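See structure below.
No hydrogens, no waters, no symmetry mates; every other heavy atom, side chains included, goes into these values. So you know, we letter chains A, B, ... as the sequences are listed, proteins then strands, and number each from 1. Remember, it's a predicted structure, so these values are computed and weren't measured experimentally.
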Amino acid sequence: EPEYYKWNQWFFLRMLERGIAYKKKSRVNWCPKCCTVLANEQVVNGGYCWRHEDTKVEARDIEQWFLKITEYAEQLLDDLKTLEGGWPDRVIAMQRNWIGKSVGAKVWFEVEWTGEERGFTTEGAEGPQSLQRKDGERAQPGMAALREKIEIFTTRIDTIYGASALVLAPNHPLVTRLIAGTAEQAAREAKLAEMRRSSAKTEDIATAEKDGFFTGRYALNPFNGVRVPIWVGNFVLLEYGTGAIMAVPGHDERDFEFATKFGLPKLVVVRAAESKEKRKDNAEARSLQRSAEVGVQEAEEVFTEYGVSVNSGKYSGLESAAAIELMAADAEAAGYGKKEIIFRLRDWGISRQRYWGTPIPVIYCAKDGMVPVPDKDLPVLLPANPKLTGEGESPLATDPEFVNVKCPKCGGDARRETDTMDTFVDSSWYFYRYCDPRNDRAPYDPGKVKYWFPIDQYIGGITHAILHLLYSRFWCKVMRDLGLVTHSEPIARLFTQGMVLKGGLAMSKSKGNVVGAIDMAEKYGADTGRLYTLFAAPPEKDLEWSEESIEGAWRFLNRVYRLVEKHGSERGLATEGRVETQSSLGRGELTEKEKGLLRKAHETLRRVTQDFETRWHFNSAIAQIMELTNAIYAAEPLEEGVRPEVRREVLELLTLMLAPMTPHLSEELWEMLGHTKGLWTVSWPAFDAELAKEEEVEVVVQVSGRVRGKVKVAAGTGQDEVLKLAQAEAGVAGHLAGKRIVKVIFVRDKLLNVVAA
RNA sequence: GCCCGGGUGGCGGAAUGGCAGACGCUGAGGACUUAAAAUCCUCCGGGGAUUUUUCCUCAUGUGGGUUCGACUCCCACCCCGGGCACCA
């Protein structure tokens with residue numbers, strides 16, 4: 001509705017002002033079925049559309065709008081800590097994983113333009129000061145800076161003495177220039193084109209074989225001045241880090257694989273830290289380690305763990321963590337590197353080429369460029385009659401009335417932006433609007449939001465763990481920075497309910513495994529369906545739909561109905577608007593049978609209340625109610641020894657406890673019990689603790705922790721008494737015969753454990 | 001590979017330090033009925049002893065540990081599900 005999406009546009013303009021919303025051309029995910037771009041979060045199962053799980057997304061280079069969620073990466077990560085306890089662990093873990101923080105360093109390797117197939121060399125390996133500049137020796141045409149540097153990112157700067165190559169992503173902007181002017185330029189360009197083509201297919205990058213080629217150029221390792229060859233590798237991703245890595249084959253599995261294939265050296269620069277025991281008695285290992293410290297050694301296998309640096313100049317002997325710290329600091333001081341934290345999280349691409357979505361409120365003018373739509377012109381309305389061509393172009397673009405506008409700045413002819421916003425924009429803040437839905441001057445009144453927020457309890461499917469739930473957290477922080485809210489997290493407690501499966505799969509129309517809610521309601525009634533889904537499993541678990549089990553729920557409700565039908569006819573006893581508990585009879589006058597029933601009813605109420613309030617374990621609550629029903633049946637005929645007041649109280653409690661789960665049926669039962677006011681007018685009853693208490697309890701008797709008997713005693717009976725009775729029990733006495741009692745553990749009304757030796 | 005979650009009868013599940021399998025489904029047997037449906041009753045983890053009644057024993061993925069006592073807490077491992085992934 002325009003009354004709502006107007007405020008999406010308003011938020012967008014605020015973000016545009018702050019540089020949070022921006023437009024850029026980039027490689028994006030395109031779903032050919034949706035005919036639109038998707039955000040990274042909307043690509044699932046290694047490259048499929050989240051809505052069409054059988055459709056692979058394609059890579060396309062399109063100019064589109066982004067929201068700078070990455071600016072909030074650190075906060076989104078840090079604040080997850082405040083959600084612990086309130087949010088399920090797996091959702092927190094999934095978000096943490098998605099944000100993907102890596103602490104490391106960037107290092108700049110200077111390109112040596114003169115380099116050509118001279119192979120790997122360790123010449124001049126004596127520290128940073130020996131770094132030799134070869135500027136201008138062989139300048140290439142069109143080269144702006146001769147002192148070109150390649151920036152790499154690493155989490156293991158401590159392994160830099162083991163770098164035997166730099167590897168760039170095929171799409172790295174420098175690659176073409178590096179190749180230019182080298183001896184095998186043509187062959188290299190052909191290879192590069194081939195690699196770029198295959199990387200455009202999102203096919204199983206993770207399992208593809210390592211591939212790459214030498215560019216013909218070298219770069220200088222700033223730490224030791226060693227010349228390392230510059231390669232291009234298919235396993236290096238342009239999007240992550242700097243799009244370039246140092247290959248340390250001795251200490252990274254991918255680099256090891258790459259080096260094995262292309263014959264690069266594998267230097268050992270970290271060895272396992274000696275454990276104390278080893279240090280004592282493993283002289284052989286020690287001598288091996290000594291040899292590792294002498295000279296350059298070819299690694300036989302990859303060692304990726306932390307340990308102690310070796311063959312690393314002045315850093316040799318340092319533990320990995322210390323080496324990382326010191327080397328990053330040194331690099332920064334010397335000006336060839338710096339500490340850096342990077343995130344896996346990408347900015348949120350919100351442009352969609354769809355009709356359904358909020359129009360992005362900007363106008364392109366030949367004279368003024370991109371001009372935001374002024375607030376007073378909001379909302380930018382969707383055209384009423386779009387042409388839906390399915391051609392992959394935004395439906396808005398084909399509507400001249402929508403597209404052709406005057407520039408708000410100069411009044412000249414201009415064009416509207418025709419992309420619409422991702423619908424996840426709408427869902428990122430809808431709950432705030434609930435607090436103030438008719439406001440036409442602002443998205444909401446911050447005062448009203450302050451009263452209600454953050455949300456005490458939110459319920460949703462696990463499917464939104466890194467979509468809706470991440471975007472909403474981001475939106476909240478943006479609104480906070482706009483001064484609209486004072487909290488940083490929108491949702492205090494999150495509950496992720498399970499799915500209903502059929503044949504092991506989530507029900508979906510495309511799979512044809514849906515159970516029609518209407519068919520089911522016609523056959524059993526909606527309440528039976530409700531009761532079944534609640535009873536079959538606790539709510540956080542997935543549940544497999546079972547036709548047989550729903551019969552069970554149906555049978556149970558019929559049992560309850562028949563019970564009320566039979567005994568609910570004593571009209572005139574009903575008290576409107578509440579359950580008359582403990583009846584109007586004096587407690588002392590209750591018969592044994594009456595006491596038993598009332599006790600069971602109130603005990604059930606106690607446990608059901610607890611399940612509802614603290615655990616949401618509706619399945620065990622229903623089991624309790626079933627037990628109560630069974631107990632009432634067992635007490636039949638109720639006419640004998642149970643007065644109408646007591647019968648009614650028990651049946652009213654039964655009806656009330658069922659009401660949250662079977663509202664329709666309960667309403668009918670309530671009427672059958674003689675009430676004329678709706679059940680909804682009645683509040684949840686308090687259980688009578690006195691009544692719920694057992695008078696006689698069964699105490700379990702154990703001998704040395706094994707159950708050997710039981711004794712029935714009055715509630716509250718002391719240890720001595722119970723022990724005396726227990727010793728009289730044949731089964732217990734048999735196990736105690738000829739033994740000495742060492743210790744007695746007694747839990748009142750529950751257990752007696754006699755430890756005998 | 002990393003990160004989460006889980007593993008209990010034929011099945012869904014219950015028990016969060018104190019009688020393992022509540023409650024329900026399925027199955028078997030029985031009652032009612034001319035018959036069927038519905039309803040009601042009994043039994044239902046394995047092995048053994050006793051065969052009226054009960055008793056013993058094993059059993060909650062595997063192996064250890066803590067405890068008078070462990071499905072429950074701790075350590076190691078195995079398996080299943082999910083998320084992420086040539087993330088440097």
With a 4.0 Å cut-off on heavy atoms, is [X] in touch with a base, just the backbone sugar-phosphate, or nothing at all?
X        : answer
A:Lys541 : sugar-phosphate
A:Val236 : base
A:His251 : nothing
A:Pro538 : sugar-phosphate
A:Arg708 : sugar-phosphate

Which nucleotide in the set B:C84, B:A88, B:C86 lies at the smallest distance from any side-chain heavy atom of A:Trp98? B:C84
Nucleotide nearest A:Val755 (side chain, heavy atoms from C-beta), chosen from B:C68, B:U57, B:A88: B:C68
Any side-chain donor near an acceptor of the partner, A:Trp348 and A:Glu41, under 3.5 Å: no
Quick one: is [X] getting a side-chain N or O under 4.0 Å of the [N] phosphate, OP1 or OP2?
X        : N     : value
A:Arg344 : B:A85 : yes
A:Arg615 : B:A14 : no
A:Arg562 : B:C40 : yes
A:Lys743 : B:C68 : yes

For atom [atom1], what is the distance between [N] and [M], given to the nearest Å?
N     : M     : atom1 : result
B:G10 : B:G45 : C1'   : 10 Å
B:U16 : B:A28 : C1'   : 36 Å
B:C23 : B:A15 : P     : 13 Å
B:A20 : B:G9  : C1'   : 11 Å
B:U26 : B:A37 : P     : 14 Å

Would you say A:Asn234's side chain and A:Asp211's backbone share a donor-acceptor pair under 3.5 angstrom? yes
Paired nucleotide for B:G45 [Watson-Crick or G-U wobble; both distances under 3.5 Å]: B:C58
For A:Ile92 and B:G83, give me the distance from atom CD1 to atom P, rounded to whole Å. 18 Å
Stepwise side chain to side chain donor-acceptor pair (under 3.5 Å) check, A:Tyr161 with A:Ser309: CA-CA 9 Å; A:Tyr161 282 77; A:Ser309 287; over 6 Å; no
If you compare all heavy atoms of A:Arg344 against all heavy atoms of A:Tyr240, which two are closest, and at what distance to 0.1 Å? CA-CE1, 3.9 Å
Expected string for nucleotides 19-32 of chain B under the B/S/- scheme (protein heavy atoms, under 4.0 Å, primed atoms plus P, OP1, OP2 as sugar-phosphate) is B--BBSSS------
